[in-house]
Enquirer: 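What follows is a single structure, and I will ask about it in a moment.
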Amino acid sequence: MDVNAAVAAAAAIAGLLTGVIAMLAFRVSEREQRRPTRTSLHTDAVLPPGVDTVLSVLRSSAVVLDENDGVVKASSAAYALGLVRGGKLAVEPMLKMTRDTRRDGEIRQVELDLPRRGTGRGEALAVSARVAPLGSRLVLLLVEDLTEARRIEAVRRDFVANVSHELKTPVGALSLLSEAVMDASDDPEAVQRFAGRMQIEATRLTNLVQELIDLSRVQNDDPLEDAEPVPVGELVAEAIDRCRHQAGTKEITMAAAGAADLRVWGNRGQLAAALGNLVENAVNYSPARTRVGIAVRSVAQPGGDLIEIAVTDQGIGISDKDKERIFERFYRVDPARSRATGGTGLGLAIVKHVAASHGGEVTVWSAEGQGSTFTLRLPEARAARGRRASERDGSESLDEEAGGTSHPSPHTSDPSAYATLPSPEVLP
């Protein structure tokens, strides 16, 4: 009896000890699971509630770092800019900022120029970096890309500088010529010669101011507010008439070919100015006794037909380097020739803005010594008017507005598709 009791007591004690040991092991395991590890610090679970949602809607690139400089959270834009690599912040100045902020809790902001990665170009990436503490252990880094803003600001500065320079030249010439007239008051021939020069400089100044006004207007106005179907044949005739005198002086032949019934939808004045600038440039930059051609055709596109107006010359041509910049304001391929012809460097910039505001584009093909071809592409009137009508009420028809005229158009890219105008204009 005593032996059995002893065995039972020993078994009870062993069971009790086993239970106590199991409970202790469970508590230790639970404590270890709750303790933050290096792996757990890199998960979203350590972020304060709501921070993940806020970071996802920010326009800036966002990076959250822990006390070991490990990346806890990073936006896709941060990876795209090359800020984060291998789970670490890859920009040393930003990493130093985060460490300083983690140490003293102060918010820091700085602008940096970073090299572009993987582009093969030496252009710098301008960014603004702001670091702030996030809770007790985390640091938030916000990076904003300022590259485009700086580029726009540089364009504005260049524009102001170029305008000042362009205005200064004819104004200074007028001032000097007026002094020459005063000094030569007793010499009628000299006065007449200087007065003629003053008229040339005054005309150049007037043209520059007018083109500045035109450029400002096409940039700020919506040409489609007062849009109408504009016959392309009339635009071509106006452009040729505008350059009749210059072409005749240089014995340049101007010929037009295309479908006379084609129409584009837009502002007649702006379209005439754009095409006139292209033809005028072709005449000014062509040698004497050469040919300038204006070809018109319709090209089928999935979103609606396009009207192509190609202006071709046999001039000096444009280098590949210059072709990338000829549509910039005040840029000239040959400054000396521009001064001789009275060019302002704004004509092609106006053409570019007119084409873009009408839903089209302007392109150039050129080879040095072989001439150039500028192609203005604009939406065909029926297609453009049909799209605008369907947006409003889906019930209007361009054929009714244009007098019910409807003609088929050629849609092939073969140059022979250009139909000859009934009475092509030829000079001289």
Enquirer: For Asn68 and Arg137, which I'm curious about, is there any donor-acceptor pair between the side chains at under 3.5 Å?
Expert: no

Enquirer: Measure the shortest side-chain to side-chain distance between Glu280 and Gln246 over non-hydrogen atoms and say whether it is less than 4.5 angstrom.
Expert: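 Yes, their side chains come closer than 4.5 Å.
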
Enquirer: So does Asp113 pair up with Arg150, basic N to acidic O under 4.0 Å?
Expert: yes

Enquirer: Apply side chain to side chain contact (heavy atoms under 4.5 Å, CB included) to residues Leu275 and Val311 and explain how you reach the verdict.
Expert: CA-CA 9 Å; Leu275 183 57; Val311 180; 4.0 Å; yes

Enquirer: Side chains of Leu112 and Met94, heavy atoms from C-beta outward: is any pair under 4.5 Å?
Expert: yes

Enquirer: Looking at Thr101 and Glu106, would you say the former's side chain and the latter's main chain have a donor-acceptor pair under 3.5 Å?
Expert: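 Side chain of Thr101 to backbone of Glu106: a pair is present.
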
Enquirer: Can you tell me how far apart CH2 (Trp265) and NE2 (His358) are? Round to the nearest 0.5 Å.
Expert: 10.5 Å

Enquirer: Is there side-chain contact between Val296 and Leu262, with at least one heavy-atom pair below 4.5 Å?
Expert: yes

Enquirer: For a side chain to side chain contact (heavy atoms under 4.5 Å, CB included) check, start with the C-alpha distance between Val64 and Val71, then their side-chain angles and the critical distance, and finish with the verdict.
Expert: CA-CA 6 Å; Val64 179; Val71 176; over 6 Å; no

Enquirer: In Å, rounded to the nearest 0.5 Å, how long is the span from CG of Leu378 to CG of Leu235?
Expert: 9.0 Å

Enquirer: Pick from Val181, Leu176, Asp187, Asp183: which one makes a side chain to side chain contact (heavy atoms under 4.5 Å, CB included) with Phe194?
Expert: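 Answer after filtering Val181, Leu176, Asp187, Asp183: Val181.
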
Enquirer: With side chain to side chain contact (heavy atoms under 4.5 Å, CB included) as the criterion, how do Arg130 and Ile107 come out once you've worked through the C-alpha distance, each side chain's angles and the decisive distance to 0.1 Å?
Expert: CA-CA 7 Å; Arg130 184 178 179 87; Ile107 298 176; 3.7 Å; yes

Enquirer: Please determine, by modelled atom types, if Glu144 and Ser61 share a side-chain donor-acceptor pair under 3.5 angstrom.
Expert: no

